[in-house]
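This report refers to the structure that appears directly beneath it.
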Amino acid sequence: MLSKKTKYAIKALVALGKNVEKPPMQISKIAEEEHIPKKFLEQILLDLRNAGFLYSKKGAGGGYSLNKKPEEILLVQVMRVTDGPIAMVPCASLNFYHKCDECVDEKTCGIRSAFIDVRDATLKVLSETSIADVIGREDTLKSEINIL
């Protein structure tokens, strides 16, 4: 399941991506518009800034803006910054591998094999989906609702 931290990070990046040509957004505005607790958002934005996704400006007219184009920020990158591993079991993780304590033989473990397939399918989607894609999906869904 997607953690609130990751979901809020994506929501904040989408909000900033929609305002890419505008002045930096203040944390309070993002929090209010996206219904994210402000204190939690502050930590998330700091993590995203430290990872190089955001630029922050202090003082009057300050706030946060994207440091990369929305097309360059992939969901897989955001998830790894906010939650770490993509795999659901540690023995199937590419970047955060850890042998399961109860495992007798990884080479013949059906659970591991199944979850490697899940990891690979998930990675494919997340590695091909950017913040710009999420914004585009929202626009498409909104236009479909308006057509009906």
Side-chain angles (χ1 to χ4, degrees), residues 1-102 111-148:
M1 186 176 296
L2 193 64
S3 72
K4 283 195 183 237
K5 184 176 184 181
T6 298
K7 187 174 184 180
Y8 291 162
I10 294 169
K11 288 176 67 131
L13 289 167
V14 166
L16 291 166
K18 289 177 180 177
N19 290 289
V20 76
E21 299 297 326
K22 297 179 182 174
M25 287 183 75
Q26 293 182 338
I27 293 173
S28 56
K29 183 174 182 183
I30 299 169
E32 182 181 327
E33 287 181 3
E34 300 301 323
H35 307 286
I36 302 171
K38 186 179 174 195
K39 283 286 185 195
F40 195 22
L41 181 60
E42 287 173 354
Q43 181 57 51
I44 292 167
L45 294 177
L46 183 62
D47 290 345
L48 293 172
R49 189 196 68 174
N50 290 340
F53 296 120
L54 300 179
Y55 167 79
S56 63
K57 180 180 175 188
K58 294 183 180 187
Y64 281 90
S65 56
L66 294 182
N67 199 33
K68 297 181 175 191
K69 295 177 185 175
E71 298 83 14
E72 297 173 342
I73 302 173
L74 302 175
L75 294 184
V76 70
Q77 298 167 319
V78 177
M79 287 185 71
R80 283 192 171 131
V81 165
T82 55
D83 278 340
I86 303 300
M88 297 174 78
V89 290
C91 63
S93 181
L94 291 172
N95 296 327
F96 300 90
Y97 170 83
H98 186 279
K99 186 178 186 305
C100 296
D101 294 334
E102 66 283 351
I111 295 170
R112 180 175 189 262
S113 177
F115 280 92
I116 285 174
D117 290 346
V118 171
R119 176 206 67 203
D120 291 346
T122 302
L123 278 174
K124 180 174 178 9
V125 173
L126 295 175
S127 297
E128 295 173 355
T129 307
S130 69
I131 294 299
D133 294 325
V134 174
I135 294 168
R137 285 176 184 234
E138 283 186 7
D139 292 343
T140 299
L141 291 167
K142 285 177 184 175
S143 67
E144 288 174 357
I145 289 172
N146 289 333
I147 292 171
L148 303 174

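Count residues from 1 along the sequence. Atom set for the values below is all heavy atoms of this structure, side chains included, hydrogens, waters and symmetry mates excluded.
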According to the ring-ring contact (aromatic ring centres under 6.0 Å, His included) rule, which pairs have a member within residues 114-142, sequence neighbours left out? none

All side-chain contact (heavy atoms from CB on, under 4.5 Å) counterparts of Glu128, not counting sequence neighbours: Lys124

Lys/Arg N to Asp/Glu carboxylate O, Glu32 vs Lys38, below 4.0 Å: no

Tell me, yes or no, whether the heavy-atom count around Ile111 atom CD1, taken from other residues, nucleotides or ligands under 6.0 Å, exceeds 12. no

Return each pair, listed once, that meets ring-ring contact (aromatic ring centres under 6.0 Å, His included) where at least one residue sits in residues 23-82; pairs must be two or more places apart or across chains. Tyr8-Phe40

Is it the case that the side chain of Asp133 and the backbone of Ser130 share a donor-acceptor pair, with hydrogens and angles ignored and the cut-off at 3.5 Å? yes

Residues at least two apart in sequence or cross-chain that pass side-chain contact (heavy atoms from CB on, under 4.5 Å) with Ala87, listed by chain then number, are Ala92, Ser93, Arg119

Only pairs under 3.5 Å count here: list side-chain donor-acceptor contacts from residues 68-81, not counting sequence neighbours, and write none if there are none.
{"from": "Glu72", "atom 1": "OE1", "to": "Lys69", "atom 2": "N", "distance (Å)": "3.3"}
{"from": "Gln77", "atom 1": "OE1", "to": "Leu74", "atom 2": "N", "distance (Å)": "2.8"}

Using 0.5 Å steps for rounding, measure from the CG atom of Leu48 to the CD atom of Gln43. 10.0 Å

In terms of side-chain heavy atoms, does Thr140 have a donor or acceptor partner in Ser143 at a distance below 3.5 Å? no

Are any of the side-chain heavy atoms of Glu33 and Met25 separated by less than 4.5 Å? yes

side-chain contact (heavy atoms from CB on, under 4.5 Å) involving Lys99 - partner list, sequence neighbours excluded: Tyr97, Cys103, Glu106

